[in-house]
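Contents: one structure, followed by commentary.
Counting convention: from 1, in listed order, for ligands and their atoms alike.
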Amino acid sequence: MDMIDPFGRSISYLRVSVTDRCDFRCTYCMAEDMAFLPKKDLLSLEELDRLCTVFIEKGVKKLRLTGGEPLVRKNVMHLIRQLSRHLDSGALEELTLTTNGSQLSRFAAELADCGVKRINVSLDTLDPDKFHAITRWGHLAKVMEGIDAAQAAGLHIKINAVALKGFNDAEIPEILRWANGRGMDLTVIETMPMGEIDADRTDQYLPLSLLRANLERQFTLTDIPFKTGGPARYVNVAETGGKLGFITPMTHNFCESCNRVRLTCTGTLYMCLGQEDAADLRAPLRASEGNELLANAIDEAIGRKPKGHDFVIDRRTNRPSVSRHMSVTGG
Ligand code: SAM
Ligand code: SF4
């Protein structure tokens, strides 16, 4: 019954991009003028629930809603409330989301009430002007309000920051002190070549090995085996008493322990974030009321999960390794 891929990896983690739309336009993620998936192709919330439920029946223990911005999908709380029944039954161990925080002040209490315990909030700078520049449309104060509301509701927060050369590399120590000081772990991420953007990724790319070497001038970092089910490798930071994670899709391949697959809001399943191959689950979902066709299509897709990704960022290639934006597959 469980999903095991051709390399013996057990698939227990599903990420669902509930919308590819967003109220921000982060420069490393999207072009300013984005073409989104046609609304008519969207799965309804009921269909998303049905799909997630089949994955849970097939052994998924951890479900992360992402996007685009998951909290801008209309009635998304209805979906989250519905999915929380799998937490109550014990079939699902964790229901979580990745958000830009813009809508958190509105939804934090309800998320906690639905059994959500931890969320990831993406934040690349603590400077309001730089924040507006990198997100194009976002306001730092609104996100800070959201973080306050989430902590007040008892949600554990992990801050995600994409490390961008010349933009926030010098600020990471301050972000680390701030996050750990508020009881939040920080994870830094290498920028990945996904989708056409207006900026040049070669200018933005910062290998985290360099960042780590710089941080070690001010902080005592000790590797620890801590894992949250994702690809981050963690260190303890002696000076802050908190944790710092590194997600290094470019400089260190973590595919050998990959336990996840990704579903888009139109029912396309990507077996790897960094490959083009995908399986359509919308057709089998809609072809019958029973779930047998769907379960077969999922098995067939897991049977094609590739060994890994091979992202490249350099001046010679200067093309995205995969054509779709991160907001389609979900981070
Ligand atoms: N809108 C939500 C957010 O920003 O948290 C969820 C979706 S967003 C695509 C998920 C994560 O992917 C964010 O932490 C974002 O910074 C990161 N991200 C987006 N584009 C990226 C890229 N090209 N390389 C690396 N990380 C990226
Ligand atoms: Fe939106 Fe998240 Fe992409 Fe920023 S990183 S544009 S918040 S989806």
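Ligand-side atoms of ligand 1 in range of Arg201: 23 (N), range being under 4.0 angstrom from any heavy atom. If you number the atoms of ligand 2 from 1 as listed, the ones under 4.0 Å from a heavy atom of Cys26 come out as 4 (Fe), 5 (S), 6 (S), 7 (S). Close contacts of ligand 2 with Gly68, meaning ligand atoms under 4.0 Å from a residue heavy atom, involve 8 (S). Atoms of ligand 1 found under 4.0 Å from any heavy atom of Thr66 (numbered from 1 in listed order, with element): 6 (C), 7 (C). Listed by atom number, the atoms of ligand 1 under 4.0 Å from Gly67 heavy atoms are 7 (C), 9 (C). Close contacts between ligand 1 and Cys29 involve ligand atoms 19 (C), 20 (N) [criterion: under 4.0 Å to a heavy atom].
Within the 4.5 Å cutoff, the side chain of Ile147 has heavy atoms near those of the Arg182 side chain.
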| Between Arg217 and Asn214, is a side chain to side chain donor-acceptor pair (under 3.5 Å) present by the stated rule, with each step listed? | CA-CA 6 Å; Arg217 297 205 190 113; Asn214 284 337; 3.2 Å; yes
| task | Begin from the C-alpha positions of Arg286 and Asp280 and carry the test salt bridge (Lys or Arg N to Asp or Glu O under 4.0 Å) through to its verdict. | result | CA-CA 11 Å; Arg286 290 185 175 168; Asp280 172 40; over 6 Å; no
| request: Output, in order, the C-alpha distance, side-chain angles, deciding distance and verdict of salt bridge (Lys or Arg N to Asp or Glu O under 4.0 Å) for Arg212 and Glu216. | output: CA-CA 6 Å; Arg212 177 168 177 162; Glu216 282 181 326; 3.3 Å; yes
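In Gln204, neither the side chain nor the backbone holds a heavy atom less than 4.0 Å from any atom of ligand 1. Proximity of Thr98 to ligand 1, defined as any heavy-atom pair under 4.0 Å, is shared by backbone and side chain alike. Of all the heavy atoms of Met192, the ones lying under 4.0 Å from any atom of ligand 1 are found in both the backbone and the side chain. At a heavy-atom distance under 4.0 Å, only side-chain atoms of Val162, from C-beta outward, approach ligand 1.
Looking at atom 3 (Fe) of ligand 2, its nearest protein heavy atom turns out to be Cys29 SG, 2.4 Å.
Side-chain polar atoms of Tyr28 and Arg201 form no donor-acceptor pair below 3.5 angstrom. Checking Asp41 against Thr266 by side-chain atom types alone, no donor-acceptor pair falls below 3.5 Å. Side-chain contact check for Thr96 and Lys62: no donor-acceptor pair (N or O, by modelled atom type) lies under 3.5 Å. For Thr125 and Asp127, the side-chain atoms include no donor-acceptor pair closer than 3.5 Å.
By the 3.5 Å distance cut-off applied to N or O atoms, Asp124 is not counted among the residues near ligand 1. Ligand 1 has a nitrogen or oxygen under 3.5 angstrom from a nitrogen or oxygen of Gly68. Checking only distances, Thr99 does come within under 3.5 Å of ligand 1, N or O to N or O.
Under a 4.0 angstrom heavy-atom cut-off, Glu69 registers as being in contact with ligand 1. Not a single heavy atom of Ser122 sits under 4.0 Å from any atom of ligand 2.
In this structure, Lys243 is not positioned above the aromatic face of Tyr234 in the sense of NZ or CZ being under 6.0 Å from the six-membered ring centre and within 45° of the axis.
Atom CG of Asp223 is surrounded by more than 12 heavy atoms from other residues, nucleotides or ligands within 6.0 Å.
Considering only non-hydrogen atoms, atom 9 (C) of ligand 1 lies nearest to Met326 out of Arg21, Met326, Glu190, Met30.
Among the backbone and side-chain atoms of Cys22, none of the N, O or S atoms lies under 2.8 Å from atom 3 (Fe) of ligand 2.
For the atom pair CG of Leu45 and CG of Leu79, the computed distance is 5.5 Å after rounding to the nearest 0.5 Å.
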